Chemist: 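Have a look at the structure that comes next, please.
Quick note on labels: first sequence line is chain A, next is B, and so on, each numbered from 1. Please read these numbers as outputs of a predicted model, since none were measured by experiment.
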There are 2 protein chains.
Amino acid sequence: MSDGLPACPIPISDSPRVLMAHGGGGRFMRTLIRDLFAAAFDNPLLAAAHDGAVFPSPSARLAYTTDASVVRPLFFPGGDIGRLAVFGTVNDLAMCGARPIHLSASFILEEGLEMETLWRVVHSMADAAREAGVSIVTGDTKVVERGNADGVYISTSGIGAIEHDLAIEPASVRPGDAILLSGDVGRHGIAILAARADLMLETAIESDCAPLHRAVAALVESGVDVRCLRDLTRGGLASAVLEVAETAGLDATIDERAIPVIEPVRSACELLGFDALHVANEGRFAAWVSSADADRALEVLRAQPGCVDAVRIGTVGDTGRGTVVLRSAIGTSRILDMLSGEQLPRIC
Amino acid sequence: MSDGLPACPIPISDSPRVLMAHGGGGRFMRTLIRDLFAAAFDNPLLAAAHDGAVFPSPSARLAYTTDASVVRPLFFPGGDIGRLAVFGTVNDLAMCGARPIHLSASFILEEGLEMETLWRVVHSMADAAREAGVSIVTGDTKVVERGNADGVYISTSGIGAIEHDLAIEPASVRPGDAILLSGDVGRHGIAILAARADLMLETAIESDCAPLHRAVAALVESGVDVRCLRDLTRGGLASAVLEVAETAGLDATIDERAIPVIEPVRSACELLGFDALHVANEGRFAAWVSSADADRALEVLRAQPGCVDAVRIGTVGDTGRGTVVLRSAIGTSRILDMLSGEQLPRIC
């Protein structure tokens, strides 16, 4: 992340750490906003220095979402809180079938946070926004006393343009729909755990943290009848398929053998007693598509970066109340359930 | 606030306090979202239980803003963190000349927070949203370990419709424009301080926390040539007029005698050594309007609830680099400056 990182624009001699005054609405806050945030997120809407951003509506139908990011540690293999914050919101917009356009960012800073650390996070957000083709057009900053936060928390929200006529949502799922998965699962959660616990894994595992909107756009543009999309964050693949099944009120069957899990993630899960289906991802999604379009959808997905291992993992039932049956590797069946406790806090 | 508050929908026997699992993406989180957040914010977009909200664009031009709320204490005379979060975002949209439509809400909860407290906050947000005529259509919840937050932090964002042709922003301010103030200043900051310090003031001071978009709409609909608007939050009236002057690159003169300050706020400021012009407000704004429209604008404002004391406080200069001169009560002049340190942390 620090490759090519320009020097922190607020001189270290000036204030090497975040002070309460940086959230006080006076001279310090104005300097922080102008020299650090507006400099990194550089765009004319921010430069207007108004109470909000004003812009032409990008489409007749909009998508709108929000995320809080509290991941610990702030920097981990394959990403950091800044990338996660941007891609998390970009991906929620993508799951609504939208092209992400504008993001907001609100920061809660802990007094004493190193200004250099904040700069690295903000610079990483700016890079991620460029990579995803979005602008961070409005923001806010608050500072809380030492001990009332953990470095930095970021809330992002996003607005996306919907440029097609599909209704991509749980209510559109139909009996017989195919359930597709965009790639292997479990990498983000295990990468965070390894970073946190100094776990000596034989193979370094990097987070799968990535923007998903281009893969979604490719699906929609190919004319595939996309019924629903869901990214596999907290609660993993299990929560995603269960939530959609429950909301749609339709059962589903998932073939566990079809779900790709890379070997180091599988080993780590065995070691830790985790089920990879419950482990968080930040660059994976499931797609519900009409059965007739399933093969074509897989073909389109596999041509997209990061989705080469896309696979069909299951089918929506023709009745039911939202039960998901998992056919296991050894031929038995079990009812899939969400986590009932907490597996790994502050994963995102 | 607790008047008419329905019983907390998550039974106390079930989980009287927020657990880490309420942010874990599993069963606990799903219950919290469905039974507490979606129940209180009740609207069809939330009920779709998707990764975001999808809706028709409300206008050709949009306003977009965000706020983090970290106010301490959570409940104070005249408001609470929930009302502040909703009205703070509503008011930033209003300052862009927009009609607030949809809000997002992202919560960072501290493990151990009483579920009943969260319910009171969420219910107050729902009330405030109804009062302002907006819907909270998408959200997120994270939980951090005890000691890594202070009860609850809320980040809101908002989308508003711009339904006129004015460009309401600092760049539109012109030499000779009148600077108007919507009412007395300093109440919010002093109310928070009194609540926090158990300050025994002779007269109870309530926060001025209120939505401002209807007063703005009245100004715009009356045909007044509104150039810029700014609500007087952190940093108070002083930061607002200085920020606009600096961004516009034009000096201004403010008549200190014209600025209404109620007697209990004036006394408290004298006691504490505060300048009322630096104290935060949550229901006041300044308006820059063309000189020819100043009297009509005041007439329109004074007919709006909460704005009966609206007054002209100054004039934009015809050159300069953003200096604001304050003509004092005793006839002298001084250069107005922003706070250079921190007056009162976590005011909003």
Chemist: Can you tell me if CZ on B:Arg99 sees more than 12 non-hydrogen neighbours from other groups inside 6.0 Å?
Modeler: no

Chemist: If I compare all heavy atoms of A:Ala48 with all of B:Thr247, which pair ends up nearest, and what's the gap?
Modeler: O-CG2, 3.9 Å

Chemist: Using a 3.5 Å distance criterion without hydrogens, assess whether the side chain of A:Arg234 forms a donor-acceptor pair with backbone atoms of B:Gly23.
Modeler: yes

Chemist: Out of B:Val144, B:Thr156, B:Thr233, which one racks up the most heavy-atom pairs below 4.5 Å with chain A?
Modeler: B:Val144

Chemist: Between A:Ala240, A:Gly97, A:Pro56, A:Gly236, who has the most heavy-atom pairs with chain B when the cutoff is under 4.5 Å?
Modeler: A:Pro56

Chemist: Against chain B, work out which of A:Leu19, A:Ile347, A:Ile168 has the most heavy-atom pairs shorter than 4.5 Å and name it.
Modeler: A:Ile168

Chemist: Who wins among A:Ala21, A:Gly235, A:Ala63, A:Ala53 for the most heavy-atom pairs under 4.5 Å with chain B?
Modeler: A:Ala53

Chemist: Restricting to non-hydrogen atoms, name the atom on B:Asp67 and the atom on A:Asp140 that form the minimum distance, rounded to 0.1 Å.
Modeler: CA-OD2, 3.3 Å

Chemist: What closest approach, in Å, do A:Thr66 and B:Ser106 show between heavy atoms, and which atom pair accounts for it?
Modeler: OG1-CB, 3.7 Å

Chemist: Take atom CZ in A:Phe28; do more than 12 heavy atoms of anything else shown fall under 6.0 Å from it?
Modeler: no

Chemist: Using non-hydrogen atoms only, which part of B:Thr141 is less than 4.5 Å away from chain A: side chain, backbone, both, or neither?
Modeler: backbone

Chemist: Taking B:His278, B:Glu111, B:Met29 one by one, which has the highest count of heavy-atom pairs under 4.5 Å against chain A?
Modeler: B:Met29

Chemist: So do the side chains of B:Glu169 and A:Val54 get within less than 4.5 Å of each other, counting heavy atoms only?
Modeler: no

Chemist: Quick one: of B:Ala167, B:Ser239, B:Ala149, B:Ser340, who has the most non-hydrogen atom pairs under 4.5 Å with chain A?
Modeler: B:Ala149

Chemist: Which bit of B:Val137 comes within less than 4.5 Å of chain A, counting heavy atoms only: side chain, backbone, both or neither?
Modeler: side chain

Chemist: Which bit of B:Leu103 comes within less than 4.5 Å of chain A, counting heavy atoms only: side chain, backbone, both or neither?
Modeler: backbone

Chemist: Please flag which part of B:His102 lies under 4.5 Å from any non-hydrogen atom of chain A: side chain, backbone, both or neither.
Modeler: both

Chemist: Among B:Ala98, B:Ala161, B:Gly52, B:Cys228, single out the residue with the greatest number of heavy-atom pairs under 4.5 Å to chain A.
Modeler: B:Gly52

Chemist: Given a strict heavy-atom distance threshold of 4.5 Å, which part of B:Ile162 is in contact with chain A: side chain, backbone, both, or neither?
Modeler: side chain

Chemist: Quick one: of B:Leu339, B:Thr65, B:Asp92, B:Leu62, who has the most non-hydrogen atom pairs under 4.5 Å with chain A?
Modeler: B:Leu62

Chemist: Among B:Ile159, B:Leu344, B:Leu45, B:Asn91, single out the residue with the greatest number of heavy-atom pairs under 4.5 Å to chain A.
Modeler: B:Ile159

Chemist: Given heavy-atom pairs under 4.5 angstrom as the criterion, report whether the side chain, backbone, both or neither of B:Arg30 touches chain A.
Modeler: side chain

Chemist: Any chance the side chains of A:Ser155 and B:Tyr153 put a donor and an acceptor closer than 3.5 Å?
Modeler: no

Chemist: Please flag which part of B:Ser59 lies under 4.5 Å from any non-hydrogen atom of chain A: side chain, backbone, both or neither.
Modeler: backbone

Chemist: Hey, is the main chain of B:Ser104 close enough, under 3.5 Å, to the side chain of A:Tyr64 for a donor-acceptor pair?
Modeler: yes

Chemist: Quick one: does A:Arg346's side chain get under 4.5 Å of B:Asn148's, heavy atoms only?
Modeler: yes

Chemist: Might you point out which heavy atoms bring B:Pro345 and A:Met20 nearest each other, and give the distance in Å?
Modeler: CB-CE, 3.4 Å

Chemist: Is it true that A:Arg72 and B:Glu145 make a salt bridge, defined as a side-chain N closer than 4.0 Å to a carboxylate O?
Modeler: yes

Chemist: A:Glu246, A:Glu110, A:His22: which one forms the most heavy-atom pairs within less than 4.5 Å of chain B?
Modeler: A:Glu246

Chemist: Work out which heavy atom in A:Pro170 is nearest to a heavy atom in B:His50; give both atom names and the distance.
Modeler: CD-ND1, 3.8 Å

Chemist: Salt bridge check, B:Arg27 against A:Glu243: does any charged N sit closer than 4.0 Å to a carboxylate O?
Modeler: no

Chemist: Select one option (side chain, backbone, both, neither) describing which atoms of B:Ala171 are under 4.5 Å from chain A's heavy atoms.
Modeler: neither

Chemist: Please state whether the side chain, the backbone, both or neither of A:Ala105 comes within less than 4.5 Å of a heavy atom of chain B.
Modeler: backbone

Chemist: Using non-hydrogen atoms only, which part of B:Ala280 is less than 4.5 Å away from chain A: side chain, backbone, both, or neither?
Modeler: neither

Chemist: Got a second to check how far B:Leu93's CG is from A:Asp51's CG, nearest 0.5 Å?
Modeler: 9.5 Å

Chemist: Using atom types as modelled and distance alone, determine if a side-chain donor or acceptor of B:Lys142 lies under 3.5 Å from a backbone N or O of A:Ala68.
Modeler: yes

